[in-house]
Amino acid sequence: MPRHSPSLDRATPDRIAETALLLIDEGGPEALTFRALATRLEISLASLQRRCTDLAGLLDLCTDHLAARLPEVEPDTHWAEATETRFTALYQLLAAHPGLLALRGTRPWLGPHLLARLVEPQLADSLAAGMTPEAAIAAYRRMYLLTLGSASFVDHRDPKSAQAATRTALAALDPEAFPVLTGHLAVILSAVTDHEVYYEALRQLIHAADPAATPAPPSGSPAPDSHRGT
């Protein structure tokens, strides 16, 4: 009977993903190497490479591990509430791990948990709410791109450094050439790391796409309570 290797217990997919995320969060994107990860897991490099053959596979493992934390929304939840719940949770997960975002770059965020917790139920809810497939996918893409961009734009774990970098860049500008940027520095710095900027933008997209929302009257049309023939 073959002898059981303790290293196999230390190299489960969840353990690899958790440890890789810790390395990234502690030391930034450059801290994640196969050698460093194997050392932290106390396994051989060969054992780790049998689980994850390359960096792309390792990053896929990490992202899907995070996606498993996304909430499962109750089926009878109103479309707008369900949509805000899903994308807010995704934003919070991504904003908490800026190093992982930097490493993934333009690679698609796909995996069994992300598809099952976000993509499939969101599209299914949109169709059930009365959207066409084209409208459902377009709405999803707008909210997904907003979420991904808002989470990756700055390191939300270190807002002071993000604001300091912005302050330094704007302070070097010529006030005569850039009067708005230099004249509203405090407002700009506050907005750079303000999570509410994302939440408000998300709600605007949700309201614009919500099949249950009352559409705005066409430009130039009279208000509903306007008097006619007087």
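Hydrogens, waters and symmetry mates play no part in the numbers below; they use all other heavy atoms, side chains included.
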Starting at [atom1] of [X], measure out to [atom2] of [Y] and round the result to the nearest 0.5 Å.
| X | Y | atom1 | atom2 | value |
| --- | --- | --- | --- | --- |
| Ile24 | Glu30 | CD1 | CD | 10.0 Å |
| Leu41 | Thr19 | CG | OG1 | 4.0 Å |
| Thr39 | Leu45 | OG1 | CG | 8.5 Å |
| Leu148 | Trp109 | CG | CH2 | 7.0 Å |
| Thr85 | Leu70 | OG1 | CG | 11.5 Å |
| Leu205 | His207 | CG | NE2 | 11.5 Å |

Does some side-chain heavy atom of [Y] sit less than 4.5 Å from a side-chain heavy atom of [X]?
| X | Y | answer |
| --- | --- | --- |
| Leu59 | Leu32 | yes |
| Asp14 | Leu61 | no |
| Leu21 | Leu66 | yes |
| Gln122 | Tyr144 | no |
| Ser150 | Val197 | no |
| Ile16 | Thr12 | no |
| Tyr91 | His195 | yes |
| Thr83 | Asp125 | no |

Open item on the list: According to side chain to side chain contact (heavy atoms under 4.5 Å, CB included), who are the partners of Thr77, at least two apart in sequence or on a separate chain?
Closed with: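 With sequence neighbours excluded, Thr77 shows a side chain to side chain contact (heavy atoms under 4.5 Å, CB included) to Val73, Glu74, Glu81, Ala82, given in chain and number order.
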TODO: Any chance you could lay out the side-chain contact (heavy atoms from CB on, under 4.5 Å) test for Thr53 and Gln49, step after step, and finish with the verdict?
DONE: CA-CA 5 Å; Thr53 57; Gln49 290 173 330; over 6 Å; no
What heavy-atom pair brings [X] and [Y] nearest, and what distance separates the two atoms?
| X | Y | result |
| --- | --- | --- |
| Leu115 | Leu110 | CD2-CD2, 4.0 Å |
| Ser44 | Ser47 | OG-OG, 2.8 Å |
| Ala80 | Asp210 | CB-OD2, 3.7 Å |
| Leu127 | Ala136 | CD2-CB, 4.2 Å |
| Arg167 | Leu185 | NH1-CD2, 3.9 Å |
| Ala20 | Leu37 | N-CD1, 3.6 Å |

Could you pull out all donor-acceptor pairs under 3.5 Å where a side-chain atom in residues 94-101 meets a protein atom, sequence neighbours excluded?
unit_1: His97; atom_1: ND1; unit_2: Asp25; atom_2: OD1; d: 3.2
unit_1: His97; atom_1: ND1; unit_2: Asp25; atom_2: OD2; d: 2.9

Open item on the list: Apply side-chain contact (heavy atoms from CB on, under 4.5 Å) to residues Ile206 and Phe87 and explain how you reach the verdict.
Closed with: CA-CA 10 Å; Ile206 291 172; Phe87 280 99; over 6 Å; no
Donor-acceptor contact present, side-chain [X] to main-chain [Y], <3.5 Å:
| X | Y | value |
| --- | --- | --- |
| Arg117 | Glu72 | no |
| Ser190 | Ala186 | no |
| Asp64 | Ala67 | no |
| Arg86 | Leu118 | no |

- [ ] With sequence neighbours excluded, give me every ring-ring contact (aromatic ring centres under 6.0 Å, His included) pair touching residues 54-85.
- [x]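 Checked against ring-ring contact (aromatic ring centres under 6.0 Å, His included) - neighbours excluded - no pair reaches residues 54-85.
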Open item on the list: Looking at Glu26 and Arg40, is any side-chain nitrogen of the basic one under 4.0 Å from a carboxylate oxygen of the acidic one?
Closed with: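 Glu26 and Arg40: salt-bridged.
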Task: salt_bridge(Glu196, Arg203) N-O dist < 4.0 Å - done: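 A salt bridge links Glu196 with Arg203.
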Open item on the list: Is there a continuous path of hydrophobic side-chain contacts, each under 4.5 Å between heavy atoms, that joins Leu93 to Leu145?
Closed with: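 Yes.
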Open item on the list: Between Ile43 and Leu22, is there shared hydrophobic-cluster membership here, with clusters defined by ILVMFWY side-chain heavy atoms closer than 4.5 Å?
Closed with: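 Per the 4.5 Å side-chain linkage, Ile43 and Leu22 are not co-clustered.
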Task: CD (Glu120) with more than 12 external heavy atoms under 6.0 Å - done: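 It does not: Glu120 CD has 12 such atoms or fewer within range.
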TODO: I would like to know whether Leu123 and Ile137 meet side-chain contact (heavy atoms from CB on, under 4.5 Å); could you show each step before the answer?
DONE: CA-CA 7 Å; Leu123 293 177; Ile137 293 170; 4.2 Å; yes
- [ ] Decide whether Thr147 and Tyr198 meet the rule of one side-chain donor and one side-chain acceptor closer than 3.5 Å.
- [x]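 Yes - a donor-acceptor pair under 3.5 Å links their side chains.
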